[in-house]
Amino acid sequence: MADTRKPKAAITHIGNHELSPATLMMSHGYDPVLSEGSLKAPIFLTSTFAFPSAADGKRFFEGITGKVPGGTDGLVYSRFNGPNQQILEGRLALWDGAEEALCFSSGMTAITVLMLALCNAGDVIVHSGPLYAASEGFVAKHMSRFGVTYRDFPAGATRAEIEAVIEDAKALAAKQGGKVAMIYLESPANPTNALVDVEAVRDARNAALGAECPIAIDNTFLGPLWARPIDQGADLVVYSLTKYVGGHSDLVAGSVSGAKKWLTPIRMLRNTMGGIADPNTAWMLLRSLETVELRMARAGENAAKVCAWLKDHPKVEGLGYLGMIDDPRQQDIYGRHCSGAGSTFSLLLKGGEAECFRFLDALRIAKLAVSLGGTETLASHPASMTHLSVPDERKAALGITDNLVRISIGIEAADDLIADFEQALAAV
Ligand SMILES: *Cc1c(COP(=O)(O)O)cnc(C)c1O
């Protein structure tokens with residue numbers, strides 16, 4: 001007996017015309033007929049789902065447990081799946097051009113379950129550096145406890161440099177009796193804003209390992225609007241949905257999208273460990289996704305205006321903003337990979353910590369907080385906050401200087417933000 005609770009087949013085209021994700025965010029994967037005509041999806045607060053028949057229950061479990069490959073087509077138990085999460089996952093996959101997506105209770109849950117699912121003892125992870133501190137720490141401090149080691153290359157590396165690191169990792173893996181299990185990227189790197197050449201990583205991977213080693217990338221800073229790394233050869237795209245996708249600084253969540261072949265083991269481990277986003281958070285993300293393109297476009301325009309104003313200010317030493325790249329190689333990657341410069345950048349003031357603190361304490365509209373991608377503008381001082389525990393030499397190597405302020409521009413009126421920065425710089 002068919003499960004009649006499934007939504008109708010999703011529309012993605014009208015004739016030959018392909019609908020854009022911006023349009024599909026209001027409809028994809030949800031049919032009001034299944035919920036008393038409720039235009040918007042209700043929040044399904046339940047721990048478990050009633051099966052239409054015993055045979056259906058058996059079939060659903062065959063999918064959940066992997067006894068029959070391909071996953072389940074039914075709703076079973078809220079640690080495995082739920083309507084809000086399934087609608088969300090379908091809509092997230094559209095933005096990345098991915099076959100499927102999985103949602104998680106945080107970005108770090110997505111990243112840690114991804115790594116645990118795809119690595120075995122003896123394996124090596126090759127990653128770009130620097131990574132988000134918790135991601136880098138998980139690889140170095142926790143994966144190592146299970147016999148998984150790593151090799152890294154700097155975010156701006158060339159194809160030849162990347163290939164040399166992969167070859168080194170391959171030799172290490174052979175010695176450890178494992179394989180290079182994944183290449184894990186983060187682009188742009190925080191707070192340097194160095195972009196990773198995903199096409200060069202793909203070519204180096206294909207030459208050294210073949211396509212059986214997945215390339216995963218943390219696309220939190222530019223996705224889903226300004227970068228679609230699957231188009232450049234990434235296999236898995238990771239998000240902290242806490243940032244631009246959630247976009248209102250009122251939730252914590254994460255996701256991984258990509259081909260079913262890579263997501264199946266990740267889904268199986270999520271089924272076992274938990275870590276799926278809860279129904280309320282998934283519902284909030286559905287609301288957020290309806291405006292993600294509007295919010296990101298506005299924030300991006302604001303950042304361009306603010307940076308154009310900041311650039312020539314006498315108290316400003318420089319800007320780390322993707323809309324103003326000096327390095328020709330980085331500019332080339334930007335041209336091939338990005339459709340926008342984002343709204344998160346580094347502001348270098350003349351002076352050091354004291355000048356930065358005076359600037360931060362004087363801000364009237366921008367809030368002093370870490371995180372990014374929300375509707376409101378945030379500013380912080382990485383050297384004394386997010387990167388406080390990073391050793392001094394590593395800080396220097398990463399360009400995390402005492403005069404660096406990290407800024408995430410929101411969707412306020414650009415003129416108001418400029419007025420705020422003007423008066424705060426006057427206080428420095
Ligand atoms: C915030 C962030 C994460 C972690 O996400 P949480 O939702 O806080 O767990 C991972 N990667 C990047 C680039 C981030 O900015």
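For reference, positions follow the sequence shown, starting with 1. Side chains are part of it too, since the values below use all heavy atoms of this structure and drop only hydrogens, waters and symmetry mates. Order of appearance sets the numbers: ligands from 1, and atoms from 1 within every ligand.
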Inset, instruction - Starting from atom 7 (O) of ligand 1, find the nearest protein heavy-atom neighbour and note its residue, name and distance. - result: Thr242 OG1, 2.6 Å
Legend entry - Nitrogen or oxygen atoms of Ile111 and ligand 1 under 3.5 Å apart: no
Inset, instruction - Identify the heavy atoms of Ile266 and Val113 that sit nearest to each other, and give their distance. - result: O-CG1, 3.9 Å
Inset, instruction - State the atoms of ligand 1, each with its element, that fall below the 4.0 Å cut-off from a heavy-atom position in Asp218. - result: 10 (C), 11 (N), 12 (C), 13 (C)
Inset, instruction - Considering only non-hydrogen protein atoms, determine which one is nearest to atom 9 (O) of ligand 1 and report residue, atom name and distance to 0.1 Å. - result: Met108 N, 2.8 Å
Inset, instruction - Do me a favour and list the nearest non-hydrogen protein atom to atom 15 (O) of ligand 1 with residue, atom name and distance? - result: Lys243 NZ, 2.7 Å
Legend entry - Residues Leu378, Ile407; criterion side-chain contact (heavy atoms from CB on, under 4.5 Å); working and verdict: CA-CA 6 Å; Leu378 299 181; Ile407 293 175; over 6 Å; no
Inset, instruction - Considering the heavy atoms of Glu186, write down every atom of ligand 1 situated less than 4.0 Å from one of them. - result: 13 (C)
Inset, instruction - Applying salt bridge (Lys or Arg N to Asp or Glu O under 4.0 Å), run through Arg358 and Glu355 and close with a yes or a no. - result: CA-CA 5 Å; Arg358 281 205 287 281; Glu355 285 74 14; 3.7 Å; yes
Legend entry - Beyond-backbone contact of Arg295 with His248, side-chain heavy atoms, under 4.5 angstrom: yes
Legend entry - Over 12 foreign heavy atoms within 6.0 Å of OH, Tyr77: no
Inset, instruction - Please determine if Phe221 has a nitrogen or oxygen closer than 3.5 Å to a nitrogen or oxygen of ligand 1. - result: no
Legend entry - Closest to atom 10 (C) of ligand 1 (judged by heavy-atom distance), picking from Tyr239, Tyr244, Tyr132: Tyr132
Legend entry - Side chains of Arg202 and Gln232 in contact at under 4.5 Å (non-hydrogen atoms): no
Legend entry - Within reach of ligand 1, part of Ala253 (heavy-atom separation under 4.0 Å): backbone
Legend entry - Atom NZ of Lys175 with >12 non-hydrogen neighbours under 6.0 angstrom: no
